[in-house]
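For reference, the structure discussed in these notes is given below.
In the text below, chain A, chain B and the rest are named by the order of the sequence lines, each starting its count at 1. Quick caveat: nothing in here was measured; it's all calculated off a predicted structure.
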Amino acid sequence: MARNGKDVLKLIVPYLVVYFGMAILFGAFKDIAGTPIAGGLTVGLAYALLMFPITWGTVLLYNYLRR
Amino acid sequence: MFSVVALIMIIIVALVTMGIAWWSYKRVRSIQDFYAAGRSVPWILIAWALTSNYLSAASFLGVAGGISNFGLDRVWDPIGYFAGWVLVLIVAAEYVRKVGKFTVADILNERFKGAQELRALAMIATVIISTFYMIPQMIGAGSLMSLLLNWPYPVAVVVIGALVVLVVMLGGIRSTVYSQVFQALVLWTAMLLIFIAYLIAFGGPGAILDKAYEVPPPALATKYVNEQLAKQYMPDINTINFHMALQKSLELAKITLEKDPELIRLVQPGAFARDVWNQLSLALGIILGTMGLPHILIYFYTVPKPEDARKGTIGAIFNIGGFYLFSIFVGFAAGTALFSLIVGWLATGYTPWAKNMPVVMSGKMLGGELLMGLAAAGAFAAILSTVGGLMVAATNSVAHDLYANIIRKGKASEEEQLLVARIVAAIVGTIAIIGGLLLKGFDVSYLVVLAFGIAASSFATTLIMNLWWKRFTRAGAIASMLVGLVVAVLFVLLRLGGVKALGPIPVLVQPALYSVPASFAAGIIVSYLTKDTGEEGFLESIHA
């Protein structure tokens, strides 16, 4: 599990899409990123905060597959 | 600003660090102890050592400081620096431990035996990356200690430089790793406590963000607030308390927003955002650069088994993520509660204070001298740990790659190698101190961007192909490293020279968008044109 290049790509490509998606959101869609969702929480900030569980989840999934 | 409590806490950090270094010195009996801590460090300790190795003062003071000054636009930076670790884990960590010995060059030489040109190139890249990363740390260290303790700048640079040199000379990576574990606990705890104190003061994370929506970024507000008005609302830093500071801040924010109701708020991006191409280049440079940093990669040699490298990296990812998450909230909370103070500092020309002191001032406001002292100790620990890691990486590479392998061709005795490594540590440290003294006042933070760019386009690209591509050849490795290095340095020099474009190609904030594809292309093309794919069964053995 998760030992060859293809397995690794299956894990890392979705993560990179989310990561570069955030870079594009902050670079090209500032108005969308600044839209409030609730109170002081905006779209950009929600995305930024979601990156933490997404990253930790990816890491734990990788560790599970590597065992 | 001088604080006896802060000074005492900083002295405690320095003394414990020296104690650990002395303890390690007694245990360095071989060159493997000096270069790789005897490959005996438990993964949980490596997780903490990697944490403080990576989190410099720029992370400890700069991330929350940046968000409190510029708002949501600066949140992207810690996310990028955090996300880079996923590649370190999946592409590099345990594979580096499987094939490497002491330096990054060893990883390449394990596949391409006797490739001295590759070793020399890797050594040059390591020294460039480490130096470019280390000098801004030294300049930052001098400036911060001047701010925190009123130390004269040269004294701060020499004291910090000498302390780190001693740690590295005494125990090499062994003393550096163990002292970094202690330093990580100091800086991580300091940020956690400030975060918790803000949660209690505001009444939860949602309340922090709600209040942050009532203030614009201070750096933007200065266009609407003159010096006189700013001074009226600046709290006294000696008697500052949370409720008084927040009240003054919200009042000044209201006046500012009355002048321009459309002004963006602290939790909205836009005023200080990069365009999409600069953003993409930075994203690429950071995510690949992290896995190409030699002072990160060599730490994987210190654990007993490859799976320990994986576990240690996972631990570091949780620690670093937690730290950045706390920092983001501390940044928004400080930008809100200390809004009038930061605007006042910016309006009265105290810009370094505005950018670097919000974390320390938050400590003072929320927990008095004690929490401020801990914050100052955290900043000091962050400086020591990162400079230590960089110094070890440069020392190992020059002593092991250049002296032991290229000059002495592997014939130097262990005693000779140990002596040379300690001399090299002293030389590297002296260069860092001199660099810090000579470049005082220069804004060289861009050198860190260059370090990430070079790491991304030389080590990261070459290591990915070396560890994962069967068709990769010796000539391909040289080409990918050389081309990545040259293109990255070229675009950074153009940027530093103020050149906006090279023909139709714009010069971006980070060279990676050009140098990374160039490095990959060179490696792939040259590999298809040449045949020497290195040791038979290399990839099979590491992926088995």
Next item on the list: Name the region of Ile54(A), side chain, backbone, both or neither, that has any atom closer than 4.5 Å to a heavy atom of chain B.
Entry: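 For Ile54(A), there is no contact with chain B at all, as no heavy atom is under 4.5 Å.
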Next item on the list: Please look at Leu25(A) and chain B and tell me whether the side chain, the backbone, both or neither of the residue comes under 4.5 angstrom of a heavy atom of that chain.
Entry: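 Neither part.
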For [X] and [Y], work out which heavy atoms get closest and say how close.
| X | Y | result |
| --- | --- | --- |
| Tyr213(B) | Pro36(A) | OH-CG, 3.2 Å |
| Leu72(B) | Phe26(A) | O-CE2, 3.4 Å |
| Ala273(B) | Lys30(A) | CB-CE, 3.1 Å |
| Pro269(B) | Gly34(A) | CD-CA, 3.3 Å |

Roughly how far, to the nearest 0.5 Å, is the [atom2] atom of [Y] from the [atom1] atom of [X]?
| X | Y | atom1 | atom2 | result |
| --- | --- | --- | --- | --- |
| Leu87(B) | Tyr19(A) | CG | OH | 9.0 Å |
| Leu89(B) | Thr55(A) | CG | OG1 | 11.5 Å |
| Lys311(B) | Arg66(A) | NZ | CZ | 12.5 Å |

Interface residue of largest heavy-atom contact number with chain A, from [options], under 4.5 Å:
| options | answer |
| --- | --- |
| Gln279(B), Arg265(B), Lys211(B) | Gln279(B) |
| Ile314(B), Asp275(B), Val75(B) | Ile314(B) |
| Pro205(B), Gly206(B), Gly270(B), Ala207(B) | Gly270(B) |

Next item on the list: Say whether, by atom type as modelled, one donor and one acceptor occur between the side chain of Trp277(B) and the main chain of Gly27(A) under 3.5 angstrom.
Entry: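 It does not hold such a pair.
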Margin query: Quick check against the 3.5 Å criterion: does Tyr62(A) have a side-chain atom that pairs as donor or acceptor with the backbone of Val86(B)?
Written below: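 Judged by distance alone, no pair lies under 3.5 Å.
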Need one label for [X]: side chain, backbone, both or neither, based on atoms under 4.5 Å from any heavy atom in chain A.
| X | answer |
| --- | --- |
| Ile208(B) | neither |
| Ile287(B) | both |
| Ala212(B) | neither |
| Phe332(B) | side chain |
| Glu307(B) | neither |
| Arg310(B) | side chain |
| Val267(B) | both |

Is any side-chain heavy atom of [X] closer than 4.5 Å to a side-chain heavy atom of [Y]?
| X | Y | value |
| --- | --- | --- |
| Trp468(B) | Leu9(A) | no |
| Phe20(A) | Leu284(B) | yes |
| Phe329(B) | Leu49(A) | yes |

Next item on the list: Determine, stepwise, if the pair Ile90(B) / Tyr15(A) fulfils side chain to side chain contact (heavy atoms under 4.5 Å, CB included).
Entry: CA-CA 12 Å; Ile90(B) 296 178; Tyr15(A) 184 77; over 6 Å; no
Check: Do Phe82(B) and Phe52(A) have ring centres separated by under 6.0 Å?
Finding: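 Between Phe82(B) and Phe52(A), the centre distance is under 6.0 Å.
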Next item on the list: Tell me, out of Thr58(A), Leu45(A), Thr35(A), who's got the most heavy-atom pairs with chain B below 4.5 Å.
Entry: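 Heavy-atom pair counts peak at Leu45(A).
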